[in-house]
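Beneath this line is the structure, given in structure tokens, with notes to follow.
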Amino acid sequence: MRMRMNQAITRAIADEMEQDPRVVVFGEDVAVAEGPFKTSEGLLTTFGPDRVRDTPISETGFLGAAVGAAMTGLRPVTEIMFIEFLGVAFDQVVTEAALMHYLSAGRFNVPMVVRASAGSGLGFGCQHSQTLERWMLGTPGLKLAVASGARTAYGLTRAAIRDNNPVVLLEPRALYGEREDVEPGEASIIELGTSESLRDGTDVTVVALGQTVHVALAAEAAASWSGEVIDLRSLMPWDKEAIVASAKRTGRLVIVEENQFTGGWGTEIASFVSSAAFGDMKAPVVRVTAPDVPVPFGQELEKRFLPSPEYVVQQVDELLATNSAPAPWWKEFA
Amino acid sequence: MRMRMNQAITRAIADEMEQDPRVVVFGEDVAVAEGPFKTSEGLLTTFGPDRVRDTPISETGFLGAAVGAAMTGLRPVTEIMFIEFLGVAFDQVVTEAALMHYLSAGRFNVPMVVRASAGSGLGFGCQHSQTLERWMLGTPGLKLAVASGARTAYGLTRAAIRDNNPVVLLEPRALYGEREDVEPGEASIIELGTSESLRDGTDVTVVALGQTVHVALAAEAAASWSGEVIDLRSLMPWDKEAIVASAKRTGRLVIVEENQFTGGWGTEIASFVSSAAFGDMKAPVVRVTAPDVPVPFGQELEKRFLPSPEYVVQQVDELLATNSAPAPWWKEFA
Amino acid sequence: MSVTNATDENVTVQRRLELAESPLARLQRMIEIRLVEDRIQDLFAQGLIPGTTHTSQGQEAVAVALGAATRPTDIVCCTYRGHGVALSLGILPESVLGEVLGRQIGCMGGLGGSMHLSDPAIGLLPTFAIVGAGVPVAVGAALQFATLKNDGVAVSVFGDGSTNIGGFHEGLNLAAVWNLPAVFLCENNLYGEYSPIATTTAVTDIALRATSYGMVADTVDGQDVDAMYESIRNAVDRARGGGGPTLIEAKTYRYAGHSRSDKAPYRPDGELDAWMKRDPIDFYATKLAANGELDGRTLDEIRDEQRSFVDDAAAAAVASPSGSIAQMFAHVLAPSGH
Amino acid sequence: MSVTNATDENVTVQRRLELAESPLARLQRMIEIRLVEDRIQDLFAQGLIPGTTHTSQGQEAVAVALGAATRPTDIVCCTYRGHGVALSLGILPESVLGEVLGRQIGCMGGLGGSMHLSDPAIGLLPTFAIVGAGVPVAVGAALQFATLKNDGVAVSVFGDGSTNIGGFHEGLNLAAVWNLPAVFLCENNLYGEYSPIATTTAVTDIALRATSYGMVADTVDGQDVDAMYESIRNAVDRARGGGGPTLIEAKTYRYAGHSRSDKAPYRPDGELDAWMKRDPIDFYATKLAANGELDGRTLDEIRDEQRSFVDDAAAAAVASPSGSIAQMFAHVLAPSGH
Ligand SMILES: Cc1ncc(C[n+]2csc(CCOP(=O)(O)OP(=O)(O)O)c2C)c(N)n1
Ligand SMILES: Cc1ncc(C[n+]2csc(CCOP(=O)(O)OP(=O)(O)O)c2C)c(N)n1
Ligand SMILES: [Mg+2]
Ligand SMILES: [Mg+2]
């Protein structure tokens with residue numbers, strides 16, 4: 001069935017709410033207004049005001065409430081409108097939610113989901129356009145996944161709601177309106193921690209996440225080389241086996257990231273694979289990322305921020321030609 | 001002059017306050033009580049209640065106040081008692097302080113310092129024992145440095161106070177009482193972004209940070225191999241040139257980290273160096289870290305968390321013997 | 001008036017000072033704000049503006065009273081709904097329109113956008129896009145004034161919905177404990193995004209929250225620029241005199257939706273009309289006319305002057321080039337050292 | 001009484017229920033808490049306890065009244081200063097002492113430590129080491145009770161200094177807006193760490209802050225266990241009955257410093273003595289004796305009973321092994337799926 005990513009998310013939540021009365025939804029303007037990005041259309045009407053609630057502008061308040069509700073019997077699905085807003089409530093996710101299972105010697109679970117829109121491309125400026133996986137990556141007790149479209153959003157959302165741990169789910173804001181085929185149902189649930197190979201290829205392994213999955217696919221389609229394009233889908237845990245195996249097979253790994261170069265999620269992948277596949281790599285791992293600058297406002301500049309398919313093609317071409325790491329486009333400016 | 005790390009920090013702040021009336025200090029119990037870790041002894045008496053202030057338990061309030069004070073003419077030195085507490089005020093550092101220079105097209109500076117105690121070893125439990133460099137690493141507009149003892153604490157603190165950007169300075173809590181020789185004065189100021197080579201060596205480059213600098217030095221001293229031990233000192237920016245040059249020279253890089261394996265600061269170094277020195281590496285980069293678990297309470301277990309000199313020796317021995325990455329001690333448990 | 005170079009400090013400062021001196025200037029500025037906000041909506045309709053924007057039609061009296069009651073040397077921390085405040089403090093329309101359009105003429109070169117307006121010359125810190133973040137930052141500016149012993153005042157402008165976030169609570173307590181020269185100006189426009197205040201806020205009279213901080217509070221008709229001026233002026237004078245902070249609640253209303261895409265279906269029928277009957281511009285124009293303070297001109301003449309002023313500004317903004325790639329890298333870090 | 005296996009739920013629940021039934025049990029529990037806290041200080045002196053600890057001597061009446069006025073099926077979110085509350089809710093002394101010592105007999109196997117005590121059997125969530133963090137978490141537990149329509153109540157226990165942090169403000173507003181079955185119990189012991197309340201808090205009567213949330217407030221003598229019981233019981237009954245949340249301010253005092261290393265030099269001379277003259281244990285013992293409710297025993301006899309109970313518990317705790325390496329990895333993530 002064709003649906004937009006925001007519809008797929010709504011459907012995934014609704015499907016879980018149908019099956020499990022403990023699943024509740026709250027966040028800013030998610031109930032009456034059905035979500036700033038229309039990711040909860042119809043939920044209030046269908047499930048009523050006890051299970052679908054608008055909150056004050058109190059991220060610490062309602063994320064803390066999610067922790068308490070999750071520990072005592074509900075399965076809250078909360079929404080952080082823009083992932084940057086997690087900055088005012090960070091403690092509740094990385095220090096409270098993530099550690100309560102451990103701190104109760106396993107006697108309390110914290111089955112909560114923090115959904116957040118993320119990423120650049122819509123002209124929201126530097127405080128509303130980042131992906132920020134790096135904020136969460138490495139936090140013991142937390143899971144982290146990123147949707148790349150309607151289909152993965154559906155599968156990951158249902159898996160996140162069913163998980164007994166706190167899960168942060170990032171949704172590329174620029175993709176909410178994009179349509180894909182989705183088959184609602186159990187079979188479409190995506191196990192957290194698994195990646196998906198979207199293209200077979202022999203010359204290079206291209207790992208992407210969220211919005212960059214489409215950049216990588218477009219690049220592969222346009223390029224002269226043949227790449228295995230993998231949608232990582234989950235960062236905590238991430239699919240080490242599949243990525244290392246592919247890198248060993250092709251001997252080359254290119255990671256396409258929406259974030260800045262320093263400290264981006266790709267450093268985790270590059271660091272691990274460089275060691276795990278050391279003997280099998282024909283060339284250095286290449287991270288294709290944005291420069292180390294805030295996301296600029298203004299259409300042209302913001303477009304420059306996110307790696308383009310053309311840029312990915314150029315970087316991989318150079319990698320294949322030289323078997324050494326190409327310089328990024330911004331070298332002259334940094 | 002012999003002094004403890006907390007005395008060196010106090011002295012560094014006092015020296016800057018002497019020279020620059022715009023430098024002010026505030027945080028929880030830093031004034032009358034002279035700091036929970038005695039890092040501001042005598043400051044209130046010397047500089048008075050206008051420049052040295054106790055705050056309410058309001059990290060968002062006083063870090064936000066530091067941003068506003070810094071933008072309008074003061075140079076605040078603030079204290080976050082345990083780095084985890086930044087979680088309740090994260091937005092003010094990574095989204096406000098770090099972006100205000102950019103968001104004013106360079107017309108406002110934000111010369112503020114956020115000092116925070118960090119790390120394990122004192123039995124404070126899992127919410128008071130992490131280093132958490134990963135929270136800040138990669139944030140455009142922010143600088144990040146880590147002291148490894150009294151001497152570097154003095155030099156980095158003065159540099160941080162003089163910097164025109166927001167700087168987060170991590171102080172290993174376990175080292176506050178440790179003594180080192182410090183020569184107070186301009187000459188001892190350490191430029192942010194520079195590393196320091198503490199031992200020459202030919203077999204391997206060992207990069208450490210904060211508390212692990214002493215682990216690395218102890219390991220090198222006890223080991224049969226000869227390693228160049230480098231105190232990284234700064235993470236944003238970090239000394240790419242020196243680390244890459246040393247790794248190329250020795251052909252092997254071992255990074256000793258206090259944090260968990262996933263997403264630790266070493267992934268940034270390992271990822272960069274693996275690519276930059278690809279052709280010159282004799283062996284995969286090895287990250288010697290803690291396991292992916294919360295910092296446990298209880299002396300024996302907490303000791304197991306931080307890599308020990310013996311463990312570093314064993315890992316490097318194996319690396320040199322096999323030229324491939326050794327398995328971590330916790331493999332059987334993970 | 002012709003369009004002036006946005007980089008000329010004297011002009012912005014001059015525009016600010018006019019408000020303190022002349023009632024007519026306040027009326028003109030309110031009209032200017034209304035026209036600029038309307039123009040922004042037009043430019044959106046034409047697809048010239050990326051992202052989102054938050055306009056302030058209906059709240060002009062609060063913005064202009066703030067500009068009139070404070071000095072260019074004072075500090076203001078405002079929110080993303082800050083076009084009106086920016087214009088009132090003195091920033092030129094082409095700098096606001098240019099920024100919203102992402103053009104180099106914009107007050108931060110076009111790299112910030114609608115939510116981030118700033119000009120050190122008149123004390124406006126980059127407007128805050130994170131709800132509540134500006135409140136403690138204003139407290140810090142007040143701390144600087146108190147510490148350096150000059151008589152500046154810091155004003156934090158925020159909405160009703162923002163009073164439910166921690167930063168508001170921490171900021172007000174800190175300002176009270178330290179008795180700082182700060183003014184907390186709440187624009188209570190009855191909604192936080194799409195939510196009516198009563199659904200999110202335990203007390204709908206924000207002034208009540210001053211009790212938690214032992215702080216002086218004042219509740220004002222936000223549609224009456226003279227009443228707003230009185231209230232802000234008293235609070236600012238108290239702060240300058242060492243009397244400590246004040247919480248002001250301006251009862252006001254935003255005519256447009258929360259942001260560009262919002263048609264505001266959540267508003268009860270007639271609510272908007274009722275508020276428009278008390279339009280701050282008409283209200284003040286009538287008053288000035290009655291007192292013969294329109295300088296011999298009719299309201300229409302004044303509107304036309306402002307319209308051509310804003311037309312010229314919009315033309316200059318649209319004509320200005322977009323931000324350059326070099327700008328992307330220009331101001332990430334400040335030069336180090338003192 | 002002999003030491004009982006900490007894993008036996010019935011015992012902890014039974015200990016909880018005793019408090020509701022018998023005044024003597026309340027006195028005994030207050031004495032137990034005092035002795036356990038004193039014992040913790042001894043064990044520190046002996047170097048057996050790593051890190052830090054926050055004891056609650058002087059605040060026993062608040063803790064015991066809380067245990068007496070609530071049910072094991074209710075939820076309590078407390079702070080790092082939670083030994084007394086944990087014991088009052090029913091956790092055995094060996095579980096508390098064992099946790100503080102980092103031993104497997106501890107209520108979380110020795111991997112949490114002094115700041116993190118928990119037992120689902122009596123509704124105690126892991127005590128919170130981050131100031132203010134537990135307040136919204138308690139609101140969430142209350143939300144669960146309201147959503148699943150059972151008659152549970154969630155209680156948040158926190159100190160005076162915690163009322164200056166954002167989580168307090170956001171939590172109380174949220175509970176009020178949603179009219180949840182929550183009780184906010186502030187232990188105002190006049191200090192936040194080393195800072196006297198007036199230096200950090202704009203109003204020193206915390207109950208005043210209920211105004212910001214249109215919330216019922218009650219100020220109580222925290223040294224009088226009966227008064228505390230009355231107040232908490234009323235708030236809990238109101239919450240159960242759908243009457244919404246309450247803010248209770250208990251005026252109390254901690255005899256020891258903030259944490260182990262603190263000698264509390266910041267306290268004015270005589271303050272401690274004045275409070276000790278109103279010691280909650282002596283106060284209540286005298287009262288019960290006067291009413292002949294000591295069950296024929298003398299206070300000394302009762303103290304001795306409790307002392308031997310705590311001695312046995314301490315012995316068991318010290319005898320228990322430290323946490324194992326396997327435990328480090330055991331509970332990082334919960335098994336997935338429903
Ligand atoms: C921390 C945070 N949460 C949520 C948002 C999204 N948001 C932007 S404006 C707004 C409503 C603010 O309402 P109010 O404070 O009344 O100001 P108004 O827009 O009415 O002027 C919200 C929820 C944000 N920017 N920051
Ligand atoms: C967010 C945060 N900031 C600071 C601390 C350090 N800290 C621990 S207890 C405490 C004092 C709390 O005072 P109060 O709320 O009155 O509780 P009391 O200790 O008096 O029972 C502080 C500042 C912390 N744990 N968390
Ligand atoms: Mg509003
Ligand atoms: Mg206290």
By side-chain hydrogen bond (donor to acceptor under 3.5 Å, both in side chains), A:E318 pairs with (sequence neighbours left out) A:Q314
So, the part of B:F90 with a heavy atom under 4.5 Å from chain A: the answer is both
Rounded distance (nearest 0.5 Å) linking atom OG1 of A:T60 with atom CG of B:D91:
10.0 Å
I'd like to verify something: which residue of A:R287, A:E268, A:M136 has the highest number of heavy-atom pairs under 4.5 Å with chain B?
A:E268
Can you measure from CZ (A:F272) to OG1 (B:T262) and round to the nearest 0.5 angstrom?
8.5 Å
Are the side chain of A:Q127 and the backbone of B:T95 linked by a donor-acceptor contact shorter than 3.5 Å?
yes
Name the option with the most non-hydrogen atom pairs under 4.5 Å to chain A; the candidates are B:L86, B:T139, B:L132.
B:T139
Below 4.5 Å from any heavy atom of chain A, which atoms of B:V293 appear? Answer side chain, backbone, both or neither.
backbone
With a 3.5 Å distance limit and no angle check, can you tell me whether A:S271 reaches the backbone of B:S271 through a side-chain donor-acceptor pair?
no
Is A:D292 close to B:P140 at the side-chain level, that is, under 4.5 Å between some pair of heavy atoms?
no
Given side chains that start at C-beta, do those of B:C126 and A:L103 come closer than 4.5 Å, heavy atoms only?
yes
For chain B, which of A:E84, A:M236, A:Q92, A:M281 has the most heavy-atom pairs under 4.5 Å?
A:M281
B:F278 CZ to A:N323 CG distance, which is reported to the nearest 0.5 Å:
7.5 Å
